[in-house]
Engineer: 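This is the structure I have questions about; it appears just below.
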Amino acid sequence: YAKGTGRGNYQFFAPEMNRAARERLELETSLRHALDRREFHLEFQPIVALDGDVVRSAEALLRWQPGGKAVAPDRFIPVAEETGLIVPIGEWVLKAACAQFKRWQAMGVPLGRVVVNLSARQFAHRNLVSVVRRALDEADCAPEQLGLEITESLLMANPLEAIRVLTVLSDMGIQISVDDFGTGYSSLSYLKRFPIHKIKIDRSFVRDLATDPEDAAIVTAIIAMAHSLDCSVVAEGVETEQQLAFLRERGCDEYQGYYFSRPLPADTLMARLLAPSGAG
Ligand code: C2E
Ligand code: MG
Ligand code: MG
Ligand code: MG
C-alpha cells in the first residue's frame with residue numbers, strides 16, 4: 001500500500017495503485033509545499049453593477065502554478081479542503097487580497113471592496129474571526145472594504161454556528177454573500193435566518209438563460225425572492241449580451257463573467273479601471 005501522506009518528503013507507490021490515486025497523492029504532496037515555495041497568486045474578476053455599468057468590487061480567485069504550470073482551483077481546492085491545508089492557504093488569500101486592495105487604494109483605483117471566498121473548513125475553524133481581523137489590520141483596510149463568499153452547504157452543515165460567526169463578521173461591517181446559489185439544498189426562506197447581504201446565482205442557471213425556459217424561470221424567481229429578503233443579487237458566469245439583457249430586465253443588481261472580463265492579474269485590472277474610458 002502506498003504511504004507517504006504523512007509529513008515526510010518521501011513516498012512510494014505500489015504498482016497496483018491506480019493512476020488517479022497516485023496523481024491525487026502527488027498533488028497533495030506538492031500542495032503541502034506550495035505556500036513555502038510561494039507558488040500562489042491571486043487574480044481578480046470585476047463585479048459589475050448593472051445600474052450604470054460600474055465596477056465597484058472584485059472577487060479574488062486563487063491561482064496555483066507549481067513549477068510554472070497552472071493547476072485549476074476546481075482540482076486543488078477540494079484537496080486543500082480535505083487535508084485542512086485550506087486553513088493556512090485561506091489565511092494567505094485573505095492577507096494577500098487585503099494588501100492588494102490597499103495598494104489599489106494608494107494608486108487611486110476606484111474600487112470599494114475586495115471579495116474573498118471562504119471554504120467550509122476555514123469557516124469551522126475557531127479563530128476565523130481573528131484571522132480576518134488581523135488581515136484587515138495588517139493591510140490597514142476597513143471591514144467595509146472586505147466581502148466574504150460562503151456556500152449554501154456551509155450554512156446548512158451547522159446553521160447555528162454559521163449564524164453566530166456570520167453575525168460577528170457582518171456586525172464588523174463585512175459584506176457576506178452566498179456563492180453558487182441554487183446548487184445546494186437550501187430555500188430562500190431558510191436564508192432569512194442568516195445575516196447575509198448578497199446572493200450569487202450559480203453560473204449553471206445563467207448559461208442557458210436565453211434558451212431554457214426553466215432556467216429563465218429559476219433566475220427570475222431567485223432575483224424576486226432575494227429582493228423580498230432585502231438581499232442584492234449577483235449573476236455569475238455572464239458570457240453573452242442576451243444573458244445580460246435578460247438579467248437587466250429582471251432587475252438583477254450586479255453581474256460577473258467573461259462578457260465583461262475574465263479574472264485578471266492585479267495590475268491589469270488596475271490599468272483597466274484607471275483607463276480614461278472608465279470601467280468599461
Ligand atoms: P467561484 O467562487 O464561484 O468563482 C467563480 C468561478 O467562475 C471562477 O473560476 C471564475 O474564473 C469562473 N468564471 C467567471 N466568469 C465566468 C464565465 O463567464 N464563464 C465561465 N465558464 N466561468 C466563469 P475559478 O477561478 O476556476 O475558481 C473556481 C472555484 O474555486 C471558485 O468558484 C471557488 O469556489 C474556488 N476558489 C477560487 N479561489 C478560492 C479561494 O481563494 N478560496 C477558496 N476557498 N475557494 C476558492
Ligand atoms: Mg466565489
Ligand atoms: Mg460562484
Ligand atoms: Mg463555483
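Just the heavy atoms: all of them, side chains too, but no hydrogens, waters or symmetry mates, feed the values below. Counting starts at 1 for both ligands and their atoms, in listed order.
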Engineer: Check each of N117, L118, V115 against atom 33 (C) of ligand 1 and report the one with the nearest heavy atom.
Structural biologist: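 Looking at heavy atoms only, the winner is N117.
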
Engineer: Between the candidates A97, A70, P73, which shows the shortest non-hydrogen contact distance to atom 24 (P) of ligand 1?
Structural biologist: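 Comparing heavy atoms across A97, A70, P73, the nearest one to atom 24 (P) of ligand 1 lies in P73.
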
Engineer: Give yes if a backbone or side-chain nitrogen or oxygen of Q122 is under 3.5 Å from a nitrogen or oxygen of ligand 1, and no if not.
Structural biologist: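 Among all N and O atoms of Q122, none is under 3.5 Å from an N or O of ligand 1.
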
Engineer: Ring of F44, cation from R272 - is the NZ or CZ under 6.0 Å from the centre and inside 45° of the axis?
Structural biologist: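 No, a cation-pi geometry is absent between R272 and F44.
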
Engineer: With D253, which residues qualify under side-chain contact (heavy atoms from CB on, under 4.5 Å), at least two apart?
Structural biologist: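 With neighbours one apart ignored, the set is H227, S232, V233.
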
Engineer: State the atom name: nearest N, O or S atom of D180 to the Mg ion (ligand 3).
Structural biologist: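 Of all N, O or S atoms belonging to D180, OD1 is the one nearest the Mg ion (ligand 3).
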
Engineer: Check whether any side-chain heavy atom of I176 sits under 4.5 Å from a side-chain heavy atom of F194, and report yes or no.
Structural biologist: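 The answer is no; the side chains never approach within 4.5 Å.
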
Engineer: What is the name of the N/O/S atom of D179 that is nearest to the Mg ion (ligand 2)?
Structural biologist: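 Sorting the N, O and S atoms of D179 by distance to the Mg ion (ligand 2) puts OD2 first.
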
Engineer: Find out whether F76 and R63 are in side-chain contact, i.e. whether some heavy atom of one side chain is under 4.5 Å from a heavy atom of the other.
Structural biologist: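 No, their side chains stay 4.5 Å or more apart.
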
Engineer: Return the option from E43, Q243, R63 holding the heavy atom at the smallest distance from atom 25 (O) of ligand 1.
Structural biologist: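 The option holding the nearest heavy atom is R63.
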
Engineer: Quick test of your reading of the structure: of V93, L42, I77, whose heavy atom lies closest to atom 39 (C) of ligand 1?
Structural biologist: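 Answer by nearest heavy atom: I77.
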
Engineer: Would you name the heavy atoms of S57 and E254 that are closest together and state the gap between them?
Structural biologist: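 Distance-wise, the nearest heavy atoms are OG-OE2, 4.4 Å.
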
Engineer: Out of all atoms in ligand 1, which are within 4.0 Å of some heavy atom of Q45? Include the element for each.
Structural biologist: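 Those atoms are 14 (C), 15 (N).
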
Engineer: Could you check whether any heavy atom of G90 sits closer than 4.0 Å to an atom of ligand 1, since that is the contact criterion I want to use?
Structural biologist: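 Outside the 4.0 Å threshold, so no.
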
Engineer: Please confirm whether E59 approaches ligand 1 to less than 4.0 Å, judged on its heavy atoms.
Structural biologist: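 The answer is yes, since E59 has a heavy atom less than 4.0 Å from ligand 1.
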
Engineer: Using 2.8 Å as the threshold, say whether any N, O or S atom from E149 sits that close to the Mg ion (ligand 3).
Structural biologist: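 No, outside the cut-off.
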
Engineer: For ligand 1, which atoms sit closer than 4.0 Å to a heavy atom of E239?
Structural biologist: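 Numbered from 1, ligand 1 contributes 17 (C), 18 (O), 19 (N), 20 (C), 21 (N).
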
Engineer: Taking only Lys NZ, Arg NE, NH1 and NH2, and the carboxylate oxygens of Asp or Glu, determine whether D215 and R207 approach each other closer than 4.0 Å.
Structural biologist: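 No, D215 and R207 are not salt-bridged.
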
Engineer: Could you tell me whether ligand 1 has any atom less than 4.0 Å away from a heavy atom of R207?
Structural biologist: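 No heavy atom of R207 comes that close to ligand 1.
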
Engineer: Quick one: does D180 get an N or O within less than 3.5 Å of an N or O on ligand 1?
Structural biologist: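 The answer is yes, given that D180 and ligand 1 share an N or O pair closer than 3.5 Å.
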
Engineer: Should L62 be counted as touching ligand 1, given the test is an N or O pair under 3.5 Å?
Structural biologist: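 Between L62 and ligand 1 (N or O atoms, distance only) the closest approach is under 3.5 Å.
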
Engineer: In terms of atom number and element, which parts of ligand 1 are under 4.0 angstrom from non-hydrogen atoms of D179?
Structural biologist: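 Within the 4.0 Å cut-off of D179, ligand 1 contributes 1 (P), 2 (O), 3 (O).
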
Engineer: Does M225 CE have over 12 foreign heavy atoms under 6.0 Å away?
Structural biologist: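 Atom CE in M225 is not crowded, with 12 or fewer foreign heavy atoms closer than 6.0 Å.
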
Engineer: Measuring from non-hydrogen atoms of Q256 to any atom of ligand 1, is the shortest distance under 4.0 Å?
Structural biologist: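 No heavy atom of Q256 comes that close to ligand 1.
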
Engineer: Answer whether the closest heavy-atom distance between the side chains of V238 and F246 falls below 4.5 Å.
Structural biologist: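 Result no, sub-4.5 Å side-chain heavy-atom pair not found.
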
Engineer: Do any of the N/O/S atoms of E236, backbone or side chain, fall under 2.8 Å from the Mg ion (ligand 2)?
Structural biologist: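 It does not; every qualifying atom lies at 2.8 Å or beyond.
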
Engineer: Whether D51 and R56 form a salt bridge (side-chain N of Lys/Arg under 4.0 Å from carboxylate O of Asp/Glu) is what I want to check.
Structural biologist: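 Salt bridge absent between R56 and D51.
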
Engineer: Identify which of Y258, F260, W92 has a heavy atom lying nearest to atom 23 (C) of ligand 1.
Structural biologist: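 Looking at heavy atoms only, Y258 sits closest to atom 23 (C) of ligand 1.
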
Engineer: Counting heavy atoms only, which of E236, E149, R203, K200 comes nearest to atom 6 (C) of ligand 1?
Structural biologist: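 Answer by nearest heavy atom: R203.
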
Engineer: Of all heavy-atom pairs between R250 and I223, which one has the smallest distance, and what is that distance?
Structural biologist: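 Smallest interatomic distance, heavy atoms only, reads O-CG2, 3.3 Å.
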
Engineer: Would you mind listing which atoms of ligand 1 come within a distance below 4.0 Å of any non-hydrogen atom of P263?
Structural biologist: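 By the 4.0 Å cutoff, the relevant atoms are 11 (O).
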
Engineer: I'd like to check which ligand 1 atoms, numbered from 1 as shown, lie under 4.0 Å from a non-hydrogen atom of G257.
Structural biologist: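 Checking each atom against G257, I get 15 (N), 18 (O).
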
Engineer: Are any of the side-chain heavy atoms of L136 and I174 separated by less than 4.5 Å?
Structural biologist: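 Yes, at least one pair of side-chain atoms sits under 4.5 Å.
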
Engineer: Can you tell whether the side chains of R134 and E91 come within less than 4.0 Å, N to carboxylate O?
Structural biologist: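 Salt bridge flag = yes for E91 with R134.
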
Engineer: Within N117, is some N, O or S atom less than 2.8 Å away from the Mg ion (ligand 2)?
Structural biologist: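 Looking at N117, which is the residue asked about, there is an N, O or S atom under 2.8 Å from the Mg ion (ligand 2).
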
Engineer: Any atom of ligand 1 sitting under 4.0 Å from a heavy atom of A72?
Structural biologist: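 Checking ligand 1 against A72, which is what was asked, there is no heavy-atom contact under 4.0 Å.
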
Engineer: For V238, take its heavy atoms, then give the atoms of ligand 1 lying under 4.0 Å from any of them.
Structural biologist: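 Those of ligand 1 that fall under 4.0 Å from V238 are 18 (O).
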
